[in-house]
Number of protein chains: 2
Amino acid sequence: MAEREVDRSVSQTVKAQLALRDQILSGSLRPGERISELQAVETTGASRTPVRMALVRLEEEGLLEAIPSGGFMVKAFSERDISDSIELRGTLEGLAARFAAERGVSARELEPLKECLGAIDELLRQVPISIEAFSSYVALNARFHALLTELSRSPPVIRQIDRASALPFASPSGFVMAQSALPEAQQILIIGQEHHRVVIDAIENREGARAEAVMREHARLAVRNLRLALRNRTHLDLLPALALIKTATD
Amino acid sequence: MAEREVDRSVSQTVKAQLALRDQILSGSLRPGERISELQAVETTGASRTPVRMALVRLEEEGLLEAIPSGGFMVKAFSERDISDSIELRGTLEGLAARFAAERGVSARELEPLKECLGAIDELLRQVPISIEAFSSYVALNARFHALLTELSRSPPVIRQIDRASALPFASPSGFVMAQSALPEAQQILIIGQEHHRVVIDAIENREGARAEAVMREHARLAVRNLRLALRNRTHLDLLPALALIKTATD
DNA sequence: TGTATGCGTTATGTATACAATAGCGGGGAG
DNA sequence: CTCCCCGCTATTGTATACATAACGCATACA
């Protein structure tokens, strides 16, 4: 195999894992489809050992499912699986927010969150919001949630939230926001931003219960949003994870 | 390698994973200790490939930590990590209980749980409880919690709870209950049993909020129990996960 | 005597060869 | 014509060989 170009800067396992996850979330690999190791070796450029390690990681991550007779298939999710995952994440984030509030955080630790908040405010001020701004929002929002999670200072909770985020926050590289969905999405984003503000305030004032409650409400908003999107077939691009929902034909 | 005895009834990877997890939870491998693949190959009887797969799975499971320079070490947990894990699990079980209550369950589905409940009642009736009965309790309690989790009918939640259970429910093969700790443990078990009864009742009557609340209370009881056990240095054997707590000397 | 550098050993990351099994297709018999 | 059985092929599970990087020790120089 002299023709293989090996990139030594990052481990083959990680490279394969990223490539495969991208293929799954972008829909190149359809739900229920069996993953061929050989094919994965070709598309990722790594050899079978790292590919298998990546497959094991993705299975543990919940994106793949082991086939009893051997090998892995892309896991198929129902609409309720996705909505449950969102609520699950909200519940865990609620716990994280409560921990942060109860344990107390310094002004210094809250600073990056407030900056994030300000940056999002800036973006949402545009009416209607542009596609570029929306993309920035997606990144900023993810950052906000990650920072909030960290604020709990609880490694087990942080870890668990990371694992619960695969579905609700799936963001493959091919992510594009549909133009027509922007105004409706912006409305939702504005409400969500209000939640963000409340949780920060609650944490600052060490109101654990309030911090927890608002994150749960935040998740419920996301669930309602998901339902609406599916029913109206609008702004589906908002949630890349929808690619993983098993269709009626399957 | 003619001398190697291969057991074909179960995959080498699974065998290695079970063996290694047991070594970790039983304390054969100390927290912070680097795991030698070579040594693992010898103790598990599998070859390096399945051993590595098992190591990856255990890392994803949270019992191992990747070392930047390569390889894995046994993860060390603080007392708060354990208590957070317990609260985490309680929060997730609360969500599961709420889902079960909101979505409704048939009498048929509740039956095994009630049987479990009855069997535990039977055990707790002895005063003081015997060591054998206590061991049975550990199994029955785990079964009750697993059944309750399943009742949510939410694969993502069930999955997440399974992953969150490693620490709170760690039950290595060498598990033994200290005689002197029995009376105190029995008191705690009786209170816990009351929680079990309430959650069943709440689910039956479709009271989601109450079902969720009692599971959270259940977790808080376990946390208080943990604190007490650590402070008084009593019934430490109750929680095998304590073997993973990093000592001050580390 | 202490520190730095270089070499050797060892362990991990990767690749590939081998083995076993499951699925599929063809052929034969009823 | 259909159904069952046998064999083949393709793919996974396992083992091992090879390469590379890190750690430690020893030696030499400051």
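Chain identifiers are assigned alphabetically (A, B, ...) following the order of the sequence lines, protein sequences preceding nucleic acid strands; residue numbering begins at 1 within each chain.
Using a 4.5 Å cut-off on side-chain heavy atoms (C-beta onward), B:E109 and B:E150 make no contact. You'll find the side chain of A:F144 reaches within 4.5 Å of the side chain of A:V199, heavy atoms only. Using a 4.5 Å heavy-atom cutoff, the side chains of A:V56 and A:R52 are not in contact.
Note: CG (A:L38) to P (D:dT12) measures 7 Å, nearest angstrom. Whole-Å rounding puts the B:Q17 CD to D:dT14 P distance at 12 Å. A straight line from NZ of A:K15 to P of C:dT14 spans 9 Å, rounded to a whole angstrom. With rounding to whole Å, B:M73 atom CE is found 14 Å from D:dC23 atom P. The CE-P distance, from A:M53 to C:dA15, rounds to 12 Å in whole Å. As rounded to whole Å, 15 Å separates atom P of D:dA15 from atom CZ of B:R52. Look at CD on B:Q39: it is 15 Å from P on C:dT10, rounded to the nearest Å. What separates CD of A:Q12 from C1' of D:dT20 is a distance of 13 Å, to the nearest Å.
Considering only side-chain atoms of B:E37, the nucleotide from C:dG13, C:dA22, C:dA11 that sits closest is C:dG13. Comparing C:dT14, D:dT12, D:dT16 against the side chain of B:S47 picks out D:dT16 as the nearest. Side chain of B:R48, nearest nucleotide from D:dC18, D:dT14, D:dT11: D:dC18. The side chain of B:T49 lies closest to D:dT14, out of D:dG13, D:dT14, C:dT14.
The side chain of B:T13 places no N or O atom within less than 4.0 Å of a non-bridging phosphate oxygen (OP1 or OP2) of D:dG13. Contact annotation: A:S69 does not reach the phosphate of C:dT21 (side-chain N/O to OP1 or OP2, under 4.0 Å).
Taking both residues in full, the closest heavy atoms of B:A96 and B:S152 are given as O-CB, 3.5 Å, listed atom of the first, atom of the second, then distance.
Backbone-only contact: B:I35 has heavy atoms under 4.0 Å from sugar-phosphate atoms and none from a base.
In this model, no donor atom of one side chain and acceptor atom of the other lie less than 3.5 Å apart for B:R80 and A:S154.
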